[in-house]
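Read the numbers this way: they start at 1 and go in the same order the structure lists the ligands and their atoms. Note: hydrogens, waters and symmetry copies are ignored here, and every other heavy atom, side chains too, is used.
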Amino acid sequence: MEQVIIIGAGLSGLALANSLEHHGIPYQVFERGQPTGDQGWSLSLHFGWHALKRILSQERAAAMPRQGVADCSNPFGSSFSIVDLARNKVLMQMPPPEQRIKGYPDTPPAFEVYRINRKRFRQWLLDGLGEHKVTWHKQLLHYKLLANGGVEAYFDDGSVVKGAVIVGADGVHSKVCSQLMGPDRYADATTTNPVQVIVCNRWTSADEWLSVQDNMASSVMGYGGKAGIFCTLNDVDHVLHPDKPYQVLCAVSTLDLDPNDIPSSQQGLLDTAQKIIVDNAYDPANPVVGLVRNASVDQGDVLTYLTVRERSPDTQTLTATDGRVTLIGDAAHTMTMYRGEGGNHAIVDAVQLGDALSRAYQQEISLVEAVQSYLQEMLPRGATAVQASHEAADLLHRSPDKLMQIILQQIERNQAPPNNHGQDGNPPSNL
Ligand SMILES: Cc1cc2nc3c(=O)[nH]c(=O)nc-3n(C[C@H](O)[C@H](O)[C@H](O)COP(=O)(O)OP(=O)(O)OC[C@H]3O[C@@H](n4cnc5c(N)ncnc54)[C@H](O)[C@@H]3O)c2cc1C
């Protein structure tokens with residue numbers, strides 16, 4: 001059979017490439033961006049890692065915590081807390097401070113959770129691929145199903161590539177998904193969540209960051225009033241940033257802003273984020289609140305306004321294909337970040353599709369049967385996840401105490417044996 005064409009070298013596309021490499025299936029990845037392109041900030045990796053490890057050699061799996069995480073000196077130290085920002089009260093810490101792991105233990109914890117640095121994790125994913133498997137600066141324009149079998153991909157540089165199947169791993173604004181669904185159906189299916197998010201990225205001092213990490217956790221979900229702040233570590237660099245070695249993300253979010261009132265300037269965005277914490281009476285003594293209060297555009301802190309899109313997997317369109325085109329990751333199911341699961345589902349998709357395709361390439365089943373078996377597992381899992389992440393975004397900003405109860409239940413499930421995770425269509429969450 002001919003090669004698999006993968007569109008997009010994000011998490012899902014590169015995880016699929018690793019899986020196809022493992023199964024010995026021919027493939028090519030095409031990415032519109034560049035190898036050094038930023039892939040966003042950091043991300044909590046939990047059930048996706050347990051799926052991915054299945055197709056990795058022990059050596060490759062062992063290399064990841066040293067190469068792909070936000071703080072490579074403390075890869076297993078990921079911790080999470082929920083904080084009431086108005087009362088400056090830590091409500092929950094997971095794990096409790098006395099149980100946190102530091103450095104490199106002989107045996108990693110049973111259920112590994114990592115805060116990965118997306119740029120380094122992407123490089124680690126690329127390290128698992130053969131040479132010249134990714135072609136950069138190549139943007140898919142459209143694809144064509146051929147009358148006598150196979151598919152052709154048409155790119156912006158005028159080139160055409162032929163394969164047996166095309167996989168859209170091209171994210172939220174997926175060209176493959178849009179063509180597959182048809183532009184009108186695609187536009188109707190892709191909605192904008194009412195939550196408004198302003199992300200502040202700062203390089204900060206050890207004093208400032210460690211007062212958050214030591215007193216709360218390496219990832220903090222803070223709430224109060226009708227807003228929230230998610231705060232986490234992106235990167236640590238003592239060489240390039242000796243005075244401010246910790247790069248931290250603070251995402252300030254609310255339902256109370258009209259998108260038309262969001263300013264476009266950096267200073268305007270910072271003023272808006274700082275006004276949200278004042279309007280919701282957050283305690284200035286809380287270190288997470290301090291990170292936003294002390295942010296400064298003049299000091300190089302970077303503000304970004306995020307539009308949060310959602311799209312449930314389109315069962316009707318996906319199951320109607322003959323297996324020559326399919327979707328994984330955000331292209332298949334776009335969800336809010338309020339359960340920290342989109343990237344984990346993207347990886348589970350990639351591993352599941354890789355397994356299914358390997359059976360087709362070994363001629364045990366047909367291509368259409370392989371893709372349908374992948375969809376059978378992915379569609380309900382993806383739809384449940386989109387819905388659950390929508391509810392999490394809503395609860396955080398309207399009824400955070402209820403969200404906390406749900407998170408505590410999920411954490412209890414996290415402590416179940418690892419082989420239960422991600423198998424039941426409702427994997428555990430770790431924001
Ligand atoms: C603030 C924030 C925090 C998040 N936190 C978490 C978290 O903690 N845990 C978690 O699991 N998830 C998290 N997510 C979600 C996660 O980032 C996404 O689910 C994940 O990146 C999806 O991966 P993907 O490969 O499907 O898409 P992407 O990462 O978007 O990759 C798509 C790739 O396709 C390329 N591409 C697009 N169009 C074309 C084209 N036409 N031709 C060629 N290439 C193309 C793009 O350049 C890109 O490289 C978060 C998201 C946000 C916004």
Is the number of heavy atoms from other residues, nucleotides or ligands under 6.0 Å of Gln376 CD greater than 12?
no
Take Tyr27 and Leu129, measure what side chain to side chain contact (heavy atoms under 4.5 Å, CB included) needs, and give me the verdict at the end.
CA-CA 10 Å; Tyr27 69 91; Leu129 309 184; 3.4 Å; yes
From CA spacing to verdict: side chain to side chain donor-acceptor pair (under 3.5 Å), Thr190, Arg309:
CA-CA 7 Å; Thr190 310; Arg309 307 265 188 227; over 6 Å; no
Does any N/O atom on Asp330 come nearer than 3.5 Å to any N/O atom on ligand 1?
yes
Just by distance, with hydrogens left out, do Asn234 and Asn201 show a side-chain donor and acceptor under 3.5 Å apart?
yes
For the residue pair Gln34 / His137, report whether a side-chain donor-acceptor contact shorter than 3.5 Å exists.
no
What atoms in ligand 1 come closer than 4.0 Å to a heavy atom of Phe30?
43 (C), 44 (N)
For Arg115, atoms of ligand 1 separated by under 4.0 Å from a heavy atom:
8 (O)
Subset of ligand 1 atoms that lie under 4.0 Å from at least one heavy atom of Gly343
10 (C), 11 (O), 12 (N), 15 (C), 16 (C), 18 (C), 19 (O), 20 (C)
I need the atoms of ligand 1 closer than 4.0 Å to a non-hydrogen atom of Arg118, numbered in the order shown.
16 (C), 17 (O), 21 (O), 29 (O)
Are any of the heavy atoms in Lys138 under 4.0 Å away from ligand 1?
yes
N or O contact, Asn344 vs ligand 1, cut-off under 3.5 Å
yes
Return yes or no for this condition: an N or O of Leu11 is under 3.5 Å from an N or O of ligand 1.
yes
Using a 3.5 Å cut-off on N or O atoms only, is Ser12 in polar contact with ligand 1?
yes
Does a salt bridge link Arg339 with Glu391, judged by any charged N lying under 4.0 Å from a carboxylate O?
no
salt_bridge(Glu112, Lys53) N-O dist < 4.0 Å
yes
Within the 4.0 Å heavy-atom shell around Gly329, which atoms of ligand 1 are there?
26 (O)
Which of the ligand 1 atoms, numbered from 1, are nearer than 4.0 Å to a heavy atom of Gly171:
27 (O), 30 (O), 32 (C)
With a cut-off of 4.0 Å, which atoms of ligand 1 are near a heavy atom of Gly342?
10 (C), 11 (O), 12 (N), 19 (O)
Contact partition for Ile7 relative to ligand 1, non-hydrogen atoms under 4.0 Å
side chain
Side chain, backbone, both or neither: Gln139 near ligand 1, heavy atoms under 4.0 Å
both
Evaluate Leu140 for polar contact with ligand 1, using N/O atom pairs at a separation under 3.5 Å.
yes
Under 3.5 Å: N/O of Ser42 near N/O of ligand 1
no
Indicate yes or no: at least one non-hydrogen side-chain atom of Asp349 is less than 4.5 angstrom from one of Arg381.
yes
Taking distance alone, with N or O pairs closer than 3.5 Å, would you say His173 contacts ligand 1?
no
N-O pairing of Lys226 and Asp279 below 4.0 Å:
no
Atoms of ligand 1 close to Ala169 [distance to a heavy atom under 4.0 angstrom, numbered from 1]:
32 (C), 33 (C), 34 (O)
Hydrogens and angles aside, do Tyr154 and Ser159 bring a side-chain donor and acceptor to less than 3.5 Å of each other?
no
Are Asp237 and Gln247 linked by a side-chain donor-acceptor pair shorter than 3.5 Å?
no
